[in-house]
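Okay, so here's the structure we're looking at.
All values reported here derive from a predicted model rather than from experimental measurement.
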Amino acid sequence: MELIYESTRNSEEKVTASQAVLKGLADGGGLFVPTHIPSLDIDFDELAKMDYQDTAFFVMRKFLTDFTEEELRSCISEAYDGKFDTKEIAPVVKKGDVYFLELFHGATIAFKDMALSILPHLLITAARKNQVKNEIVILTATSGDTGKAALSGFADVEGTKIIVFYPKHGVSPIQERQMVTQKGKNTFVVGINGNFDQAQTGVKKMFSDLKLAETMEKGGYQFSSANSINIGRLVPQIVYYVYAYARLYANGDIAKGEKINFAVPTGNFGNILAAFYAKQMGLPIAKLVCASNENKVLYDFFATGVYDKNREFILTSSPSMDILISSNLERLIYRLTGNSAKRNEAFMNELASDGKYRITEEMKSGLSDFYGNFATESETAACIQRLFQTTGYVMDTHTAVAAEVYGKYKEDSKDMAKTVIVSTASPFKFTRSVMDAIDGEAYASMTDFELADELSKISGTPVPRAVEEIRTAEILHDTVCEPDEMETVVRQFLAV
C-alpha cells in the first residue's frame, strides 16, 4: 500500500514519498508527515540476522513506497559503504551499565552522516521519478554537524548545488574548519553574524518566498532541503533505532520483546522524533529521554506544556544543540492535535508572532512517552571525566549531555530498564571541550590538532580520517553576512 505524506499546516496538500523528499518543506512552511505510521510486522529473530543495509531496506521501504526495490537498494548500497570506518555502520558498545549507540563512524564523524549519506541518492532518484529538469539547490542551516555532512554528501553531485549557512561564532573550531575547507564546484558555505535559529529562520523564509521561487524557476533552479525537516533525513534515522534493538537482542543482552529506553541529546528534535516513530511502528521502547543542554527550551516544554523561545541564547560546549526553535517538534504537535492542520498552524503562528505557545492539558497527556531534563556545562564536563576515569571510554559533549540526563531520569524514576545512550558525535570533533573536561590544566596550551593527537593516545583510538584531512587543508569559503543578507548572497551565488 502506498504511503502518502501530508502537510502539517494544510491537510489538503498531499504528496508521494519521492515528492516529499524533493520538496523538503511543504507549501506555507508546513512539514511533511506520513498519513499513518507503518508497522514493523517482523519477528525479531529474523530482524536479528540482518546487517545494517538490510535493516535499512526493510524499514525505509515501508515509508518510501513509491521507490522501487532496485532504486532503494541502490541508494542504500551507495550510502552505507567504505566511507564508514566500521563494518557495523552503527556499533552498540556497553560501558558501565549502559549501552552507547555510536553514530559517528561516517565521513564527517557525526550522526548526521547516517541520513546525509543517503539523502543525495534519494533526492536524485526522486528528481528522475518526477521528471524534474531544474537544477536542485540544497539550502541548509546548520548548528554545526548537518552542514559538513550535507556538503560531503552533495559535493559535485550532478544536477545539484548546496548552500550552507552556519553561525560564525557558534560552532567548534573543528566543525568550522570541516565546512570552510569543503571542496566541490557546487558548494557554498556562509557564516552569519548570528545564531542557528536566525540561520534556520532565514532559510525557512526563502523556502516560503513565492517571488523568489519564481526567480529561481526562471534561472532553472528549485530549492530543496538537507535539514532534518526533510523526510528524506528523518526516515533513515528510524533505521538505527531498529538496528540497535536488533543488535542487543542478537547479542543476548535483552530478551525478545523486552522494552528498552533511549536517551537522545536533542536540539532540533529530529533524532528523538525518529525514535518516537520507531516506537509507533512497534519497536519495544519504554521511555524516550529527551536531553537538553542549558538551552533547555524542550525541557521547559515537557515540564510545563509551554514552548517559549523568548530567552537568552546560550553558547555551550555542545553547539549542535544550541537551538531555541526545535523545528521537528511541529511534527509531534501536529500528531498531538489529532492531525489537525488548522490547530497546528495556529500554534506555529503564535510561535512566529509571540515566540511561544501553550498546548492543552489533553495534548500534554500525549507526551507520556518522553522524559525531559537538561545538563549544565559543569555537569556535562563532570560526566565526561567520570566515564573516562571509570571505563577509559571518551564521549563527546553532546553524548555526555544525554548520559547525564539519563542519570537524572534513573534517579527520578528508579527505572532499571536497559538503556541506550545515543552517541551523536566523535569526541575528536570537540577536542577542546572534551580534553578540558578530562584535565583542563594539562592540555590548556595545546592547539586543537595537538589535542586530537593527545586524545588518540589516552583513548587508544586513531585520529579519524575526517580530522586528519583538515589539518593542512586550504580554506575555500570565507563569506560572512548578516542574517538579513542571506537571500542576497544566495542570489549572488546562483547569479539570479
Side-chain angles (χ1 to χ4, degrees), residues 83-114 144-145 148-149 171-175 177-178 240 244 247 263 265 291 293 316-321 375 377-404 406-407 419-471:
K83 68 175 72 70
F84 287 82
D85 62 20
T86 58
K87 184 182 177 183
E88 299 95 327
I89 307 295
V92 181
V93 300
K94 187 176 184 183
K95 297 295 175 183
D97 62 350
V98 297
Y99 300 87
F100 289 85
L101 172 59
E102 294 185 343
L103 300 177
F104 53 76
H105 291 281
T108 74
I109 56 177
F111 84 102
K112 307 295 174 73
D113 288 322
M114 303 301 295
D145 287 336
K148 173 58 183 178
V171 300
S172 80
I174 296 288
Q175 284 178 312
R177 194 165 181 86
Q178 280 187 306
Y240 47 72
R247 287 301 90 216
N293 63 19
T316 73
S317 60
S318 47
S320 297
M321 300 160 65
E377 286 291 270
S378 58
E379 287 173 334
T380 302
C383 191
I384 292 171
Q385 185 186 62
R386 187 166 59 248
L387 188 69
F388 174 68
Q389 288 178 342
T390 55
T391 69
Y393 188 72
V394 182
M395 59 183 167
D396 91 296
T397 45
H398 303 74
T399 307
V401 168
E404 179 66 19
Y406 167 63
T419 297
V420 176
I421 308 289
V422 179
S423 186
T424 53
S426 165
F428 286 94
K429 203 153 192 169
F430 303 95
T431 51
R432 179 74 57 189
S433 297
V434 168
M435 298 302 276
D436 277 351
I438 290 172
D439 189 347
E441 290 185 14
Y443 307 119
S445 63
M446 292 185 179
T447 67
D448 283 280
F449 290 105
E450 288 171 340
L451 287 171
D453 293 332
E454 195 63 29
L455 175 56
S456 176
K457 288 179 190 173
I458 67 168
S459 65
T461 56
V463 176
R465 187 170 59 217
V467 175
E468 291 290 4
E469 286 174 348
I470 61 172
R471 279 185 194 262

Check [X] against [Y] and note the closest heavy-atom contact, atom names and distance.
X      : Y      : value
Ser456 : Pro462 : OG-CA, 3.7 Å
Ala381 : Ala437 : O-CB, 3.5 Å
Ala403 : Cys383 : CB-SG, 3.8 Å
Ala452 : Phe428 : O-CE2, 3.2 Å

Let me have the donor-acceptor pairs involving side chains of residues 438-446, under 3.5 Å, with sequence neighbours excluded, atom names and distances please.
residue: Asp439; atom: OD1; partner: Ala442; partner atom: N; Å: 3.4

Just so I know, are the side chains of [X] and [Y] near enough to count as touching, which here means a heavy-atom distance under 4.5 Å?
X      : Y      : result
Phe388 : Ile458 : yes
Arg177 : Phe449 : yes
Thr316 : Glu377 : yes
Met114 : Ile89  : yes
Pro91  : Arg247 : no

Requested in this report: For Asp396 and Thr399, run side chain to side chain donor-acceptor pair (under 3.5 Å): C-alpha distance rounded to whole Å, both residues' side-chain angles, the deciding distance at 0.1 Å, then the answer.
Outcome: CA-CA 5 Å; Asp396 91 296; Thr399 307; 2.5 Å; yes
| request: With sequence neighbours excluded, tell me which residues meet salt bridge (charged side-chain N to carboxylate O under 4.0 Å, His left out) with Glu454. | output: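 If we apply the salt bridge (charged side-chain N to carboxylate O under 4.0 Å, His left out) test to Glu454, skipping adjacent residues, the hits are Lys457.
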Task: Any residue meeting salt bridge (charged side-chain N to carboxylate O under 4.0 Å, His left out) with Arg471, in chain and number order, not counting sequence neighbours - done: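 So Arg471 forms a salt bridge (charged side-chain N to carboxylate O under 4.0 Å, His left out) with Asp453, Glu468.
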Query - Partner residues of Asp448 under the side-chain contact (heavy atoms from CB on, under 4.5 Å) criterion, sequence neighbours left out - result: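 Per chain and number, Asp448 pairs via side-chain contact (heavy atoms from CB on, under 4.5 Å) with Pro173, Ile174, Thr431, Arg432.
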For Ala149, all residues meeting side-chain contact (heavy atoms from CB on, under 4.5 Å), sequence neighbours excluded: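 side-chain contact (heavy atoms from CB on, under 4.5 Å) list for Ala149, sorted by chain: Thr108, Lys112, Asp113, Leu116.
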- Task: Could you tell me the separation between the NZ atom of Lys83 and the CZ atom of Arg465, rounded to the nearest 0.5 Å?
- Result: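 Separation between the atoms: 10.0 Å.
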* Separation of Thr424 OG1 from Asp145 CG (nearest 0.5 Å) ->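 Between atom CG of Asp145 and atom OG1 of Thr424 there are 7.0 Å.
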Residues Arg386 and Glu404 bridged, charged N to O under 4.0 Å: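 Result for this pair is yes, salt bridge flagged.
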* Taking Thr380 for the side chain and Thr397 for the main chain, is one N or O donor matched with an acceptor at less than 3.5 Å? ->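 Answer holds: no.
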Just by distance, do the side chain of Ser172 and the backbone of Gln175 share a donor-acceptor pair under 3.5 Å?
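Confirmed, Ser172 side chain pairs with Gln175 backbone.
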| Are the ring centres of His398 and Phe430 closer than 6.0 Å? |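 Under 6.0 Å, so yes.
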Review item, side-chain donor-acceptor pairs of residues 96-106, under 3.5 Å, at least two apart:
residue: Asp97; atom: OD2; partner: Lys410; partner atom: NZ; Å: 2.7
residue: Tyr99; atom: OH; partner: Asp253; partner atom: OD1; Å: 3.4
residue: Glu102; atom: OE1; partner: His105; partner atom: NE2; Å: 2.8
residue: Glu102; atom: OE2; partner: Tyr393; partner atom: OH; Å: 2.6
residue: His105; atom: ND1; partner: Asp85; partner atom: OD1; Å: 2.7

